[in-house]
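These figures come from a predicted structure and were not determined experimentally. Below, chains carry the letters A, B, ... as their sequence lines are ordered, and counting in each starts from 1.
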Number of protein chains: 2
Amino acid sequence: MTDTPADADAPLSDVTGMLCFSLYSAGHAFTQLYRPLLDDLGLTYPQYLVMVTLWNRDGQNVKELGRALFLDSSTLTPLLKRLDAAGLITRTRNPKDEREVLIHLTETGKALKSSASDVMRCIAEAVGLDAETVRAIKESVDTIRDKIKS
Amino acid sequence: MTDTPADADAPLSDVTGMLCFSLYSAGHAFTQLYRPLLDDLGLTYPQYLVMVTLWNRDGQNVKELGRALFLDSSTLTPLLKRLDAAGLITRTRNPKDEREVLIHLTETGKALKSSASDVMRCIAEAVGLDAETVRAIKESVDTIRDKIKS
DNA sequence: GCAAAATAATTTGTACGCGATCCAATTGCA
DNA sequence: TGCAATTGGATCGCGTACAAATTATTTTGC
């Protein structure tokens, strides 16, 4: 990505010089950071993202969740089945359009929301940077993502 | 609309406000950007990262590759077997220490390096930001990653 | 009206990612 | 020297990710 040489002998930039690798490894690092905290809630990191999305707006269909999280329905379907099996959500066809499956939080699922603030507090502490710095980095990363998704 | 129990109406940030989600989704976006380019080389994105690492230094063992890429042997072992099956690398025990498996590029694997510069050129063009901007973002992301991995 | 196109989910197959666990080779130290 | 602890890989199980194909339902174009 930031390399110049095209000739086969010249040293190619190491992965440490590639922005894509930074994002790739930083994303994994966050998953690892979340894991022990989410284990207590019985959630994986992607499952947690779905729950956060639903805590903000309940009753979305699979397509809408996919748009919010940039995930395909083939990823979400089994994930949602596991959340269903765990008793955190319900999956019902929309009577107005039987193609859609509406996802609703159960009482258990809603109740879990209060534990989430503890998780967020722990994460913020682990990152240990002021809110403004984090916001600036996030903005840059979002810009890159939106650019390459266009 | 959505009814919200008294203790659960706290302004929980949406996933779009979470840095971890920005990194998570940006990482996926890069994988998607690479996919069609790497398909031509018969590589997946993680396989490509391994190849880049080996193009820079041939003959590393699994542990060293794992340190460079922040990946576990349980991830690398099957991935390396696939690269082996594809004829791009060889896996041989180190005679000096039979615990180690040394990874060496085959001629085919070395030859693939020249195609990689085309890939890098395409990616750089798609990102469409000047090198200095990219470097600054990368530095911020690396700082975060190293911070939460400590 | 109604067949064709479009849409929403699901299923299937391949490939990560990683915790947990196991095994063989090596090292350390009493 | 002898054996326990350590180390490097491999294996297993579970849960993502995503392309491609399938099914069910709705919309459309004529």
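Applying the salt bridge (Lys or Arg N to Asp or Glu O under 4.0 Å) rule to pairs touching residues 73-92 of chain A yields A:D84-A:R91, sequence neighbours excluded.
OP1 and OP2 of D:dC18 both lie 4.0 Å or more from every side-chain N or O belonging to B:R35. One finds no side-chain N or O of B:Y24 lying less than 4.0 angstrom from the OP1 or OP2 phosphate oxygen of D:dT16. Regarding contacts with the backbone of C:dG19, a side-chain N or O of A:Q32 is found under 4.0 angstrom from either OP1 or OP2.
The local environment of CD in A:E125 is sparse, with at most 12 non-hydrogen atoms from other residues, nucleotides or ligands closer than 6.0 Å.
Atom P of nucleotide D:dA19 and atom OH of B:Y45 are separated by 16 Å, given to the nearest angstrom. As rounded to whole Å, 11 Å separates atom C1' of D:dA17 from atom NE2 of A:H28. One atom, CZ of A:F21, and another, C1' of C:dG17, lie 14 Å apart when rounded to the nearest Å. The distance from atom CG of B:L71 to atom P of C:dG19 is 11 Å, rounded to the nearest whole Å. Between the OH atom of B:Y34 and the P atom of C:dC16 there is a distance of 16 Å, given to the nearest Å. The interatomic distance linking A:D39 (CG) with C:dC18 (P) rounds to 14 Å, in whole Å. What separates CG of A:L65 from C1' of D:dT16 is a distance of 16 Å, to the nearest Å. Atoms CG (A:L38) and P (C:dC18) sit 15 Å apart, rounded to a whole Å.
Residues B:L23 and A:Y24 have side chains not in contact (no heavy-atom distance under 4.5 Å, counting atoms from C-beta outward).
For A:F70 and A:P95, each mapped to the nucleotide of DNA chain D holding its nearest heavy atom, the one lying further toward the 5' end belongs to A:F70.
Across A:P36 and A:L33, no two heavy atoms sit closer than the pair CD-O, 3.5 Å.
With no hydrogens or angles considered, no side-chain donor-acceptor pair links B:T75 and B:D72 at under 3.5 Å.
Note: the hydrophobic cluster containing A:L102 does not contain A:M51 (ILVMFWY, side chain heavy atoms under 4.5 Å, direct or indirect links).
Remark: aromatic rings of A:Y48 and A:Y34 are close, center separation under 6.0 Å.
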Quiz item: Taking protein heavy atoms under 4.0 Å as touching, what does nucleotides 3-15 of chain C look like 5' to 3' if B marks base contact, S marks sugar-phosphate-only contact and - marks none?
Solution: ----BSBBB---S
